[in-house]
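Fair warning: this is a prediction, and the values are worked out from it, not measured in the lab.
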Amino acid sequence: MTVANEVKAGFEFKPGLEGVPATMSSISYVDGKKGVLEYRGIPIQELAAKSTFLETSYLLIWGELPTQEELEAFEHKIRYHRRIKYRIRDMMKCFPESGHPMDALQACAAALGLFYSRRALDDPTYIRAAVVRLLAKIPTMVAAFQLMRKGNDPVQPRDDLDYSANFLYMLKEQEPDPLAAHAFDVCLTLHAEHTMNASTFSARVTASTLTDPYAVIASAVGTLAGPLHGGANEEVMTMLEQIGTVDNVRAFVENSIERKTKIMGFGHRVYKVKDPRAIILQHLAEQLFEKFGHDRYYDVALELERIVEEKLAHKGVYANIDFYSGLVYRKLGIPDDLFTPIFAIARVAGWLAHWKEQLGENRIYRPTQIYTGSHSAPYVPMEER
């Protein structure tokens, strides 16, 4: 059957599966034309203003907001499981200092499966334990690798600090300012879930094979690492540094449009207005600059956003979440190559929600293809090639 015949037979090819529904889900909702993002029906603006990352994680994974007692029990278990096995620390010591933290995180997430290899996917106790371990240990792994690649011992978690404050503490062994901890917690909430993106699809495909949840998260981390997905926030800061000053912005935008090169931090496959998460992040950045000092690259970012809207708004190209997240993270003292691992720390909540949902009515993913090669080709003997 030729390509044309396969298309006529109903095999319609859409590059990247754009717009093709891959599952039915009640976890999150996006309306890209109106700039709406909801977790379990609750607007992201409400959660960013009133909730915490762990409460939001509970909502995503279990489907409803916890009671006070449920939330306290959830938080307590996560505090208790923050520490990682010494063998995982020893493994991390063998990683090259020049290795990217996302590669280290993927290896460590997969390694967790060696220590918790029981696959009781029909056991609610096992599922809860896996959720707790992954949410608790992933931040510890990221912070540990950051210190160990500099030749330092990792900082042990502090049980008296909440989730976000503890992560910032483990990076620097210094208790963070309350505003910094709050801003970081909001960032995690904003990044926690975003419907059927590439890494979430990867997680669900892996989950559909009924492998363990640690392999599910490791596969999603590997997908998130790419510059077209989670890695974009690193690229934004590199771009702002290359532009340098406000005076260089217009020429940069016009040159990028002429050469048809992507302007990092702008445009989205779903949003045709400004990403609602970017709006919240911009307010956070301004609060941090007011308290801890201005960042000159913020001026460059503002001018860049203004000119991009002037030139490309008619095409639905606006700032996305990656555009301001790097500015916030840098003000918090976080190195650029940790931006994507932090994205992963947050998105573990969404991935686990999709893992759990996938298990509910599982069917292994098995898409088809449209074959474009030849048929009945002869084997050519070695001496004739």
### Task
State which residues pass ring-ring contact (aromatic ring centres under 6.0 Å, His included) with Y318; sequence neighbours excluded, sorted by chain then number.
none
### Query
Taking only residues two or more places apart in sequence, or in another chain, which ones meet F167 in a ring-ring contact (aromatic ring centres under 6.0 Å, His included)?
F184
### Option among E303, K331, E286 that satisfies the side-chain hydrogen bond (donor to acceptor under 3.5 Å, both in side chains) test with Y298
E286
#### Entry: Row check, W62 ring normal vs R40 NZ/CZ: under 6.0 Å, within 45°
no
Quick one: does [X]'s side chain have a donor or acceptor within less than 3.5 Å of a partner on [Y]'s backbone?
X	Y	answer
E258	N255	no
N166	L161	no
T23	S25	no
S256	F252	yes
Y116	R119	no
Y39	E193	yes
T189	D185	yes
T223	S219	yes

Taking the side chain as everything from C-beta on, heavy atoms only, tell me whether [X] gets closer than 4.5 Å to [Y].
X	Y	answer
F266	D322	no
C94	M91	no
V273	K33	no
T67	L71	no
I217	T206	no

### Message
side chain to side chain donor-acceptor pair (under 3.5 Å) for R204 and H354? Distances and angles first, verdict last.
### Response
CA-CA 6 Å; R204 290 195 78 129; H354 283 272; 2.9 Å; yes
With rounding to the nearest 0.5 Å, note down the distance linking [atom1] in [X] to [atom2] in [Y].
X	Y	atom1	atom2	answer
I263	I307	CD1	CD1	10.0 Å
K150	F145	NZ	CZ	10.5 Å
L190	S325	CG	OG	9.5 Å
E357	I61	CD	CD1	12.0 Å
R347	I138	CZ	CD1	14.5 Å
L60	L352	CG	CG	10.0 Å

Which heavy atom of [X] sits nearest to which heavy atom of [Y], and what is that distance?
X	Y	result
Y379	R385	OH-NH2, 2.8 Å
L188	I342	CD2-O, 4.0 Å
N362	Q358	OD1-NE2, 2.9 Å
A192	F53	CB-CE1, 4.0 Å
Q156	Y169	O-CE2, 3.7 Å
N320	A278	O-CB, 3.5 Å

### Task
Could you give me the CA-CA distance, side-chain angles and deciding distance for L134 and W351, then say whether side chain to side chain contact (heavy atoms under 4.5 Å, CB included) is met?
CA-CA 11 Å; L134 283 160; W351 293 332; over 6 Å; no
Is there a chain of hydrophobic side chains (I, L, V, M, F, W, Y, each step under 4.5 Å between heavy atoms) that links [X] to [Y]?
X	Y	answer
M237	I334	yes
L65	F74	yes
I279	V308	no
F289	Y324	yes
W355	V132	yes

#### Entry: Ion pair check, E18 and K14, cut-off under 4.0 Å
no
### Query
Below 4.0 angstrom, N of the basic side chain to O of the carboxylate: do K262 and E235 qualify?
no
### Message
If you count heavy atoms of other groups shown closer than 6.0 angstrom to CG of D153, is the number above 12?
### Response
no
### Residues, nucleotides or ligands: over 12 heavy atoms within 6.0 Å of K172 NZ
no
### Task
Let me see the working for E38 and S28 under side chain to side chain donor-acceptor pair (under 3.5 Å), right down to the final yes or no.
CA-CA 5 Å; E38 297 174 340; S28 65; over 6 Å; no
### Query
Under 6.0 Å between ring centres, would you say that holds for Y29 and H194?
no
### Task
Verify the distance criterion only: is there a donor paired with an acceptor across the side chains of K274 and Q282 at less than 3.5 Å?
yes
### Message
Can you see whether H229 engages S199 through a side-chain donor-acceptor pair at a distance of less than 3.5 angstrom?
### Response
yes
### Task
Determine the sole option in L304, L281, D275 for which the side-chain contact (heavy atoms from CB on, under 4.5 Å) test with F323 is passed.
L304
### Task
Provide the full list of side chain to side chain donor-acceptor pair (under 3.5 Å) pairs with a residue in residues 74-99, sequence neighbours left out, each pair given once.
R83-D159
Would you be so kind as to tabulate the donor-acceptor pairs closer than 3.5 Å made by side chains of residues 241-251, with sequence neighbours excluded?
{"unit_1": "E241", "atom_1": "OE2", "unit_2": "R330", "atom_2": "NH1", "d": "2.8"}
{"unit_1": "E241", "atom_1": "OE2", "unit_2": "R330", "atom_2": "NH2", "d": "2.6"}
{"unit_1": "T245", "atom_1": "OG1", "unit_2": "N248", "atom_2": "ND2", "d": "3.2"}
{"unit_1": "N248", "atom_1": "ND2", "unit_2": "I243", "atom_2": "O", "d": "2.8"}
{"unit_1": "R250", "atom_1": "NH1", "unit_2": "E310", "atom_2": "OE2", "d": "3.0"}
{"unit_1": "R250", "atom_1": "NH2", "unit_2": "E310", "atom_2": "OE1", "d": "3.2"}

### Query
Does the side chain to side chain contact (heavy atoms under 4.5 Å, CB included) test come out yes or no for M264 and N233, once each step is laid out?
CA-CA 8 Å; M264 301 308 294; N233 50 19; over 6 Å; no
### Message
Just to verify, what does Y58 make a side chain to side chain donor-acceptor pair (under 3.5 Å) with, not counting sequence neighbours?
### Response
none
### Task
Classify the angle between the aromatic ring planes of F201 and Y365 as parallel (below 30°), tilted (30 to 60°) or perpendicular (above 60°).
perpendicular
Show me the side-chain donor-acceptor pairs of residues 100-110 shorter than 3.5 Å, one per line, residues at least two apart or across chains.
{"unit_1": "H100", "atom_1": "ND1", "unit_2": "M102", "atom_2": "N", "d": "3.0"}
{"unit_1": "H100", "atom_1": "NE2", "unit_2": "E234", "atom_2": "OE2", "d": "3.1"}
{"unit_1": "Q106", "atom_1": "NE2", "unit_2": "A218", "atom_2": "O", "d": "3.1"}

### Query
Between R149 and D337, does a salt bridge (Lys or Arg N to Asp or Glu O under 4.0 Å) hold up when you go through it step by step?
CA-CA 12 Å; R149 65 177 172 163; D337 63 356; 2.7 Å; yes
